[in-house]
Every structure is written in C-alpha cells, then in structure tokens.
Amino acid sequence: MRTVLNILNFVLGGFLTTLSWLLATVVSIICIFTLPLTRSCWEITKLSLVPYGNEAIHVDELEPGNKSVLLNTGGTLLNILWLIFFGWWLCLLHIAAGITQCLTIIGIPVGIANFKIAAIALWPVGRRVVPVETARAAREANARRRFQ
C-alpha cells in the first residue's frame, strides 16, 4: 500500500515538491552561510519523495541521551535562518500542492501528507527521516523512560 501511495504522490505533484527541496539543498550548499542547513534539506527531500513509510522525527526523540543546550540553541538559530530564506516558500508550495491534490478524491491521502510536510518545512533543522517503525519504537522507549 505504501508503494502505491508513494507512486500516487509522485504522479500527483510530489515530483515538483521534491525538485523544490533539491533546489533548496543546492542553494544551501552554494551559499556558504547556509551550509549547516544542507543536512535538513536533504532529509526532507527524502520525505517529500517518499512520504509513506517514513516519518520526520526530532533527534532528541531518537537519541534522548545526547541532548545538548548548545546544540538546541544553534538549531533554533538555524531554524530561524531557514524560515527566512527557504521555509516560507516551501511551506506555501506544500500547502498549494496539498489543496490541489485534495480536489480529487484519490488525491486526498497525498494532500494530507503534503500538509504534514508543510508544517515540517517551517522548522526542519534537527529532524531526521526514519522509517515509521523506528519512529514509533523511539517514541515508545521515550514514554517508558519518562514514566518509570
């Protein structure tokens, strides 16, 4: 089922959103001061291409033992830089693609996936794209650790 939905996503406009993420990745490589954003661009490019079966999860949820105030502060500053240069137009692109896809009944699941990626597009630094199963296991382990 995931494969069918990923193909449907690609056909119904996912290739345009993926190309826009690739463009943002290339621009972040070319502009020296945005080089730290490249990893986040590439991670969300993968999610835009194959949204079903993958999920963006914050690194603090994946590796709770490696939390660092300094890294979180740097990530926040990078996210602000990201929002100014790339985030707003990528978010608008995903919203427009989602609305367009939701106009057809078959495109509604793909449109909903684009709305989820639109939210991630605003604040992506510190997120990693992992399989859904890995994200679920990380969240369950964090919940067990918190409530013991």
Side-chain angles (χ1 to χ4, degrees), residues 1-64 66-69 71-140 142-143:
M1 187 66 173
R2 290 177 183 172
T3 305
V4 172
L5 287 171
N6 283 324
I7 292 170
L8 188 62
N9 173 58
F10 189 79
V11 171
L12 292 178
F15 65 95
L16 289 175
T17 57
T18 302
L19 285 177
S20 65
W21 279 99
L22 280 174
L23 176 65
T25 304
V26 170
V27 170
S28 71
I29 291 170
I30 292 172
C31 298
I32 300 300
F33 66 95
T34 57
L35 199 55
L37 299 172
T38 305
R39 168 86 189 253
S40 296
C41 286
W42 183 246
E43 289 288 326
I44 310 304
T45 300
K46 294 187 295 188
L47 184 64
S48 180
L49 180 63
V50 188
Y52 295 97
N54 292 317
E55 189 173 336
I57 186 170
H58 201 275
V59 291
D60 288 345
E61 289 181 275
L62 276 177
E63 302 164 0
N66 294 341
K67 285 185 180 183
S68 167
V69 175
L71 288 178
N72 283 341
T73 304
T76 301
L77 293 174
L78 284 173
N79 272 322
I80 291 169
L81 190 67
W82 169 266
L83 182 63
I84 293 168
F85 288 103
F86 304 112
W88 65 271
W89 66 269
L90 285 167
C91 178
L92 290 177
L93 180 68
H94 278 284
I95 289 171
I99 290 171
T100 304
Q101 290 163 342
C102 284
L103 293 176
T104 64
I105 299 219
I106 197 166
I108 290 174
V110 179
I112 292 170
N114 267 298
F115 294 140
K116 290 179 183 178
I117 298 171
I120 295 167
L122 290 175
W123 210 257
V125 175
R127 294 185 185 255
R128 299 292 173 260
V129 175
V130 297
V132 174
E133 295 80 14
T134 304
R136 186 177 306 125
R139 287 192 180 110
E140 287 174 4
N142 288 336

TODO: Indicate yes or no: at least one non-hydrogen side-chain atom of Trp123 is less than 4.5 angstrom from one of His58.
DONE: no
Task: Ring geometry between Trp21 and His94 (parallel below 30°, tilted from 30 to 60°, perpendicular above 60°) - done: tilted
TODO: Working to the nearest 0.5 Å, report the span between OG of Ser40 and CZ of Arg128.
DONE: 6.0 Å
- [ ] Please name the pair of heavy atoms, one in Arg139 and one in Ile57, separated by the smallest distance, quoted to 0.1 Å.
- [x] NH2-CG1, 4.1 Å
TODO: Answer yes or no: is there a side-chain heavy-atom contact under 4.5 Å between Leu49 and Phe15?
DONE: no
Open item on the list: Quick one, Thr17 and Ile117 - any side-chain contact, counting heavy atoms below 4.5 Å?
Closed with: no
Open item on the list: Could you check whether atom CH2 of Trp89 has more than 12 heavy atoms from other residues, nucleotides or ligands sitting under 6.0 Å from it?
Closed with: yes
Open item on the list: Does any part of the side chain of Leu93, heavy atoms only, come nearer than 4.5 Å to the side chain of Asn114, both counted from C-beta?
Closed with: no
TODO: Using modelled atom types only, decide if a donor and an acceptor are shared between the side chain of Ser48 and the backbone of Ile44 within a distance under 3.5 Å.
DONE: no
Task: Min side-chain heavy-atom separation Trp82-Ser28 under 4.5 Å - done: no
TODO: Find the distance between CG (Leu47) and CG (Asn54) and round it off to the nearest 0.5 Å.
DONE: 6.5 Å
TODO: For Phe10, look at atom CZ and say whether over 12 heavy atoms of other residues, nucleotides or ligands are found less than 6.0 Å away.
DONE: no
- [ ] Return the minimal non-hydrogen interatomic distance between Cys102 and Ile108, and the atom names on each side.
- [x] O-CG1, 3.8 Å
Task: Check: Asn142 side chain, Ala138 main-chain N or O, donor-acceptor pair, under 3.5 Å - done: yes
Open item on the list: With a 6.0 Å cut-off (strictly less than), is the heavy-atom count around CD1 of Ile106, excluding the residue itself, greater than 12?
Closed with: no
Task: NZ/Lys116: more than 12 non-hydrogen atoms of other groups inside 6.0 Å - done: no
Task: Spacing of Thr134 atom OG1 and Leu62 atom CG [to the nearest 0.5 Å] - done: 8.0 Å
Open item on the list: Can you give me the closest heavy-atom contact between Ala135 and Glu55, atom names plus distance?
Closed with: CB-OE1, 3.8 Å
Task: Presence of salt bridge, Glu140 and Arg136, under 4.0 angstrom - done: no
Task: Non-hydrogen side-chain atoms of Pro124 and Phe86 separated by less than 4.5 Å - done: no
Open item on the list: Treating Glu43 as the side-chain partner and Val129 as the backbone partner, does any N or O pair qualify as donor plus acceptor under 3.5 Å?
Closed with: yes
Task: Close side-chain approach of Ile120 and Arg127, heavy atoms under 4.5 Å - done: yes
Open item on the list: Let me confirm one number: the CG-OG1 distance from Leu16 to Thr100, rounded to the nearest 0.5 Å.
Closed with: 10.0 Å
Open item on the list: If you define the side chain from C-beta out and look only at heavy atoms, does anything of Tyr52 sit under 4.5 Å from Pro109?
Closed with: yes
Open item on the list: Return the CG to CD1 distance between Leu12 and Ile7, rounded to the nearest 0.5 Å.
Closed with: 11.5 Å
